[in-house]
Amino acid sequence: MPFRLEPEMTFRHSLAEAAARTPEEGGGPRIGLWVCSGSPLVAEIMAGSGAHWLLIDAEHSPNSLESVLAQLQAVHGYDVLPVVRLPWNDTVLIKQYLDLGAQNLLIPMVNDAEQAAAAVAAVRYPPHGVRGVGSALARAARWNRIPDYLARADETISLMVQIETAEAVENVKEILAIEGVDGIFIGPSDLAASMGLLGQQEHPDVRAAVERCLEAAEAAGKPAGVNAFVEATARHYLSRGARFVLVGADVSILARSSEELASRFTGEPGTGAAGETGADGGQPASY
């Protein structure tokens, strides 16, 4: 007899469950780590770290469909939820990443409601969207071993969109109002750049823009997350309502930790990013 399988819990369901529980019950904000190396082995190491979720990045990292698939397989079975950031808000790419079994998608550079609606349409089958039908051939449906996948596909997918420009901040309420957008994730690096403050993620105006998005998400009843490698900044955003936060990346952890270890013996200080380290001593100030 062939296996009959059920899909994994989605990120949106995990966030909802965590919000409904006390910290003593395992609830509260979800803490995540970025996986940028492109290595399934490193992804598996990160999966066992105790983090709640991992972001497998296909936008700024040396990842392909094949390497993302290998990383999803590597972290499967660990008590961690993988989220995949796509290279772009593209209907064909979204179809391909969904079909290979990525259930939780983060779409970068979503600047307005129209772009958000396009992402929603791309993750849904007709008549509610434009996703191409190929589930019998795809890991998403475990090659038709998930019963009634076509009818249930929406419940197996979580869609987050990334707010990372001044334009997106201006349109954040309209983006959040799009049905099918499950939450937003704020990227301070590109946001700072779009505000004419390249490399100044801690600038008061950037922090105020992040907080504006957090407040809008709370008012809309949807979760918001943010990237913050500096511990004090991460804790600040958590205190302002961030429901999920990325606090480090595999490549940065390796770079800073290897520098620190080597410097103990060589006497030469590690330089980090532009000669700086983060408030935790292990992450760069630039993220």
Side-chain angles (χ1 to χ4, degrees), residues 8-35 46-47 49-57 79-86 102-108 110 116 119-120 123 155-164 168-169 171-191 201 206-249 280 283 287:
E8 303 292 327
M9 176 185 290
T10 69
F11 193 43
R12 62 186 164 97
H13 289 121
S14 174
L15 289 169
E17 283 195 3
R21 295 175 179 170
T22 66
E24 293 74 23
E25 296 171 328
R30 302 290 88 180
I31 304 303
L33 296 171
W34 212 313
V35 180
M46 300 292 278
S49 67
H52 299 118
W53 65 288
L54 300 178
L55 181 64
I56 301 172
D57 184 32
D79 188 19
V80 67
L81 276 172
V83 178
V84 176
R85 183 167 74 167
L86 272 66
Q103 291 182 244
N104 308 299
L105 302 186
L106 175 61
I107 307 300
V110 172
V120 173
V123 304
E155 72 186 61
T156 73
I157 296 166
S158 175
L159 177 67
M160 302 286 171
V161 300
Q162 193 156 353
I163 305 298
E164 47 188 337
V169 174
N171 295 323
V172 67
K173 291 182 180 179
E174 291 78 10
I175 292 170
L176 283 160
I178 297 297
E179 192 274 329
V181 170
D182 296 314
I184 60 172
F185 184 75
I186 307 149
S189 292
D190 279 305
L191 177 56
Q201 293 78 248
V206 178
R207 289 169 69 111
V210 172
E211 291 170 18
R212 176 179 171 182
C213 294
L214 295 175
E215 292 167 1
E218 184 174 4
K222 292 184 177 181
V226 63
N227 194 46
F229 285 6
V230 176
E231 182 176 345
T233 303
R235 294 192 182 280
H236 172 74
Y237 289 142
L238 287 167
S239 73
R240 297 304 297 267
R243 297 263 299 278
F244 55 107
V245 180
L246 284 173
V247 297
D280 62 356
Q283 294 292 338
Y287 53 87

Just how far is it from atom [atom1] of [X] to atom [atom2] of [Y], taken to the nearest 0.5 Å?
X      : Y      : atom1 : atom2 : result
Cys213 : Ile163 : SG    : CD1   : 6.0 Å
His13  : Glu155 : NE2   : CD    : 7.0 Å
Leu159 : Ile178 : CG    : CD1   : 11.0 Å
Phe244 : Ile31  : CZ    : CD1   : 11.0 Å
Arg243 : Lys222 : CZ    : NZ    : 12.5 Å
Leu15  : Leu81  : CG    : CG    : 8.5 Å

(request) In sequence, state the C-alpha distance, the side-chain angles, and the governing distance for Ile186 and Leu214, and then conclude on side-chain contact (heavy atoms from CB on, under 4.5 Å). (result) CA-CA 9 Å; Ile186 307 149; Leu214 295 175; 3.9 Å; yes

Do you know which two heavy atoms are closest between [X] and [Y], and how far apart they sit?
X      : Y      : value
Val120 : Gly180 : CG2-C, 3.7 Å
Pro29  : Leu238 : CB-CD2, 3.4 Å
Leu105 : Ala102 : CD2-CB, 3.8 Å
Ala249 : Met46  : C-CE, 4.3 Å
Ala242 : Val226 : CB-CG1, 4.2 Å
Pro223 : Asp182 : CD-O, 3.2 Å

Exam field: side chain [X] to backbone [Y], donor-acceptor pair closer than 3.5 Å:
X      : Y      : answer
Trp53  : Phe11  : no
Gln103 : Thr156 : yes
Arg30  : Ala51  : no
Ser158 : Thr10  : no
Asn104 : Pro82  : yes

(message) Before you tell me yes or no, could you show the steps for Glu211 and Tyr237 under side-chain contact (heavy atoms from CB on, under 4.5 Å), namely the whole-Å CA-CA distance, both residues' side-chain angles and the distance that decides it to 0.1 Å?
(response) CA-CA 7 Å; Glu211 291 170 18; Tyr237 289 142; 4.3 Å; yes

(request) Report the residues that fulfil salt bridge (charged side-chain N to carboxylate O under 4.0 Å, His left out) with Glu25, sequence neighbours left out, ordered by chain and then residue number. (result) none

(request) Please work out which of the three classes, parallel, tilted or perpendicular, describes the rings of Phe229 and Trp34, given edges at 30° and 60°. (result) perpendicular

(message) So for atom CZ, which belongs to Arg235, do other residues, nucleotides or ligands contribute more than 12 heavy atoms lying within a distance under 6.0 Å?
(response) no

(message) Does this structure show an ion pair linking Glu215 with Arg240, if we count only N-O contacts that are shorter than 4.0 Å?
(response) yes

(message) I'd like to know whether Val247 forms a side-chain contact (heavy atoms from CB on, under 4.5 Å) with Leu33, so could you lay out the CA-CA distance, the side-chain angles of the two residues, the decisive distance to 0.1 Å, and finally the verdict.
(response) CA-CA 6 Å; Val247 297; Leu33 296 171; 4.0 Å; yes

(request) Measure the shortest side-chain to side-chain distance between Phe185 and Val83 over non-hydrogen atoms and say whether it is less than 4.5 angstrom. (result) no

